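Quick caveat: nothing in here was measured; it's all calculated off a predicted structure. First the proteins, then the strands, lettered A, B, ... as listed; each starts at 1.
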There are 2 protein chains.
Amino acid sequence: MKSAPQSSAPGSNARASGGKAVVVRGLMHGLLRGHWRGGDRIAEIQAAERFDVSRTPVREALLELAGLGVVELRRNCGAVFLPFGPKELRDIYAVRSLLEEEATRLATNRIDPELLVQLHGGLVMLRETQAEDSGWRLDRRLHSVIAAASGNPRLAGEIARYGDLVQSVREVVSDTLRHIHSTSTADHLRILEELQACSPEAAAAAMKAHLAQAADSAVAALEAAGTGTREV
Amino acid sequence: MKSAPQSSAPGSNARASGGKAVVVRGLMHGLLRGHWRGGDRIAEIQAAERFDVSRTPVREALLELAGLGVVELRRNCGAVFLPFGPKELRDIYAVRSLLEEEATRLATNRIDPELLVQLHGGLVMLRETQAEDSGWRLDRRLHSVIAAASGNPRLAGEIARYGDLVQSVREVVSDTLRHIHSTSTADHLRILEELQACSPEAAAAAMKAHLAQAADSAVAALEAAGTGTREV
DNA sequence: ACCTTACGGATTGCATACAATTTGTCAACC
DNA sequence: GGTTGACAAATTGTATGCAATCCGTAAGGT
C-alpha cells in the first residue's frame, strides 16, 4: 500500500529542503509514529516512491540513519529498522548521560569562566521572559559549550551526534514536549553553578539528574505520540 | 597514478575487488599513513579515479566514514578529513574506555556464568598454544559478549562501532602491532575474574587498565607507521 | 579606487540505466 | 516423499549523465 497521504506535502517542491534530509526525517517520523516497526525491511524503491525521490537519496539517507544507529544495513540484503520504543529511548539517554557526565567532569577547571557568565545570563533572561520558543537553542548551546570544553573533540562529536538524534525525536513528538524547557532551566542553572564552583563530581551529578529528567519527559512524549508503537 | 583505461564500456569487467569497502579502507589507509592530513578536502572525482571506481561508492564511503567520525561532510561543500594523529587516537580510546567501563559495570551480575567459563577456557588455551594469529578474534568476542551482557543494545552498538574503528586502525598499522595480544591476555583474564567475583567497580577498573595499555600500544604503532603524520 | 554584479568553471546532489548478487520457486533426482 | 539443483524474479551495488549550487574572476557602475 502506497497511498502516500503525506508524500511530499508541498507537491513537487520537495527539493526546497533537500532530498536526503526529507527522507531521513520521513523515515524517522514513520518509525517513531509506528508506521514501521523494528525488524521491518526497508525496500529502497518503495521508500523512493513514498517520498517522491529516486533511490540515490534513499540510499544515502539509510547510510546516515545507520550511522545514527536507527537502521541496520546488511550487505546485499537491504536495510531493516531497529526497534525504537521507550526502552530504546531510555538506552539512548543512558549513553548520552554517560558521555555528557564525563564531558562535564572534564570541562570543570577547563571551561572559560566568561562563557559560564554568558550562559548564566542567558538562562536568567530566558527564565524571566518566558521565551520558551527559543529555549532549545540555549539548551543545545549549553550542552555544546560544555562538550567542547572537555578538550576531547571526539567526545564532543559523539555528544553532538546524540544531541542531533534526540532533536530528531523531539521534532516528531514535539506536540507534547513543549513544557519541559521551563523545568530544565533550573537544572541548567544548577550545572553552571557547580561548574563555577569547580566541583567535577557535583557538576556531573547535576548533568546526570538533568538528563534523567529529560529522559522521563521524552519517554512520556514518545508513549503519547507513538500510538501504535509496540516492540517485539 | 591512474592511467588505467577503466574502459568503462559496459562490456568490460575490469572490477578489481570493487566497491565501497575498498574506498573506505583506502581513504583510512591514506589518512593514517599521512598521505592526507586533517583539513584536506576530498574531491569525489579524484578519489574515484584514485581507486578506479565511480563516484557512487566514493560518496557512500564518505558517508560511512562520516558516521565513524573520520571525515566531516558539509552540504554542497564536499568532505574534509578530520585530524587523526596520536592525540585523536587517545581521544578515541578515552571514549571507548568510557563506554566499555560502563558496559562492564552493567554486565556484572547479568552475564551468563557459562559464557565466562567458556571465554576463560579459550583464553587459557590461547595462552598455552601461543596462537597469536587468532588472538584478535577472541579479543573482539570477549568485548562483544561483555557489551551484549550490559542489557543496553545501544551501548553495545556504540562499543561495536568503536571496535570496528580501532580494528580499521589496526589493519593499517598491523605491521608493528603483533605483540600486544600476548600481553593483553593477562588483562582479559583479570577482567573475567572480576566479573566472576561480581565486583562491578573492580571489573570496570580492569577494563580501564586494559584499554589504557591498548591505547599506548596503538599510539606507539601509529607513531611508528604514520611517518609524516603531523597535525595542525 | 572600491564595491557591486554578472559570468565561467568546477563540484556536489540527484536521476536513471545497467550489472551482480540474493531469494523464492519449481522440477528433477535420490 | 524429501532433498537438491537450476532457473527466474526481485533487489542491491555500481556507472554515468544531467541539473543545481558554490567559488573565483572580471567587468561595470558609483
For B/Arg110, enumerate each residue passing the side-chain hydrogen bond (donor to acceptor under 3.5 Å, both in side chains) test, keeping only those at least two apart in sequence or located in another chain.
-> none
For residues 143-153 of chain B, the salt bridge (Lys or Arg N to Asp or Glu O under 4.0 Å) pairs (sequence neighbours left out) are none
DNA chain D: A/Cys77 or A/Thr56, which has the more 5' nearest nucleotide?
-> A/Cys77
Ignoring backbone atoms, establish whether A/Arg59 has a side-chain N or O less than 4.0 Å from OP1 or OP2 of D/dG13.
-> yes
Salt bridge (Lys or Arg N to Asp or Glu O under 4.0 Å): which pairs involve residues 58-68 of chain B, sequence neighbours left out?
-> A/Arg59-B/Glu60, A/Glu60-B/Arg59, B/Lys20-B/Glu64, B/Glu44-B/Arg59
Can you tell me how far P of C/dC14 sits from CG of A/Asp52, to the nearest Å?
-> 13 Å
Of A/Asn76 and B/Arg74, whose nearest nucleotide on DNA chain C comes first from the 5' end?
-> B/Arg74
In residues 61-72 of chain A, which residues come under 4.0 Å of DNA chain C by heavy atom?
-> none
When the side chains of residues 65-80 of chain A are checked against the rest of the protein, which donor-acceptor pairs come out under 3.5 Å, sequence neighbours left out?
none

Residue pairs fulfilling side-chain hydrogen bond (donor to acceptor under 3.5 Å, both in side chains) with at least one residue in residues 144-155 of chain A, sequence neighbours excluded = none
Round to a whole Å and report the spacing from CZ of B/Phe51 to P of D/dT14.
-> 14 Å
Donor-acceptor side-chain pairing of A/Glu88 and A/Tyr93 below 3.5 angstrom | no
Rounded to whole Å, the CZ-C1' distance (A/Arg55 to C/dT16) equals 10 Å
How would you list, by chain and number, every residue that makes a side-chain hydrogen bond (donor to acceptor under 3.5 Å, both in side chains) with B/Arg141, sequence neighbours excluded?
-> none
Closest non-hydrogen contact found for A/Ala147 with A/Ala156 is O-CB, 3.7 Å
Nearest-angstrom distance from the residue atom CZ of B/Arg75 to P of D/dA20 | 15 Å
Rounded to whole Å, the NZ-P distance (A/Lys20 to C/dC14) equals 7 Å
Measure from CD on B/Glu60 to P on D/dG13 and round the result to the nearest Å.
-> 7 Å
Between the two end axes of the helix from C/dA1-D/dT30 to C/dC30-D/dG1, each built from 5 base pairs, what angle do you get to the nearest 10°?
-> 10°
Quickly work out the B/Glu44 CD to C/dC14 P distance and round it to whole Å.
-> 11 Å
Sequence neighbours excluded, the answer for side-chain hydrogen bond (donor to acceptor under 3.5 Å, both in side chains) partners of A/Ser97 is A/Glu101
Can you check the B/Ile45 CD1 to D/dT14 C1' distance for me, whole Å?
-> 15 Å
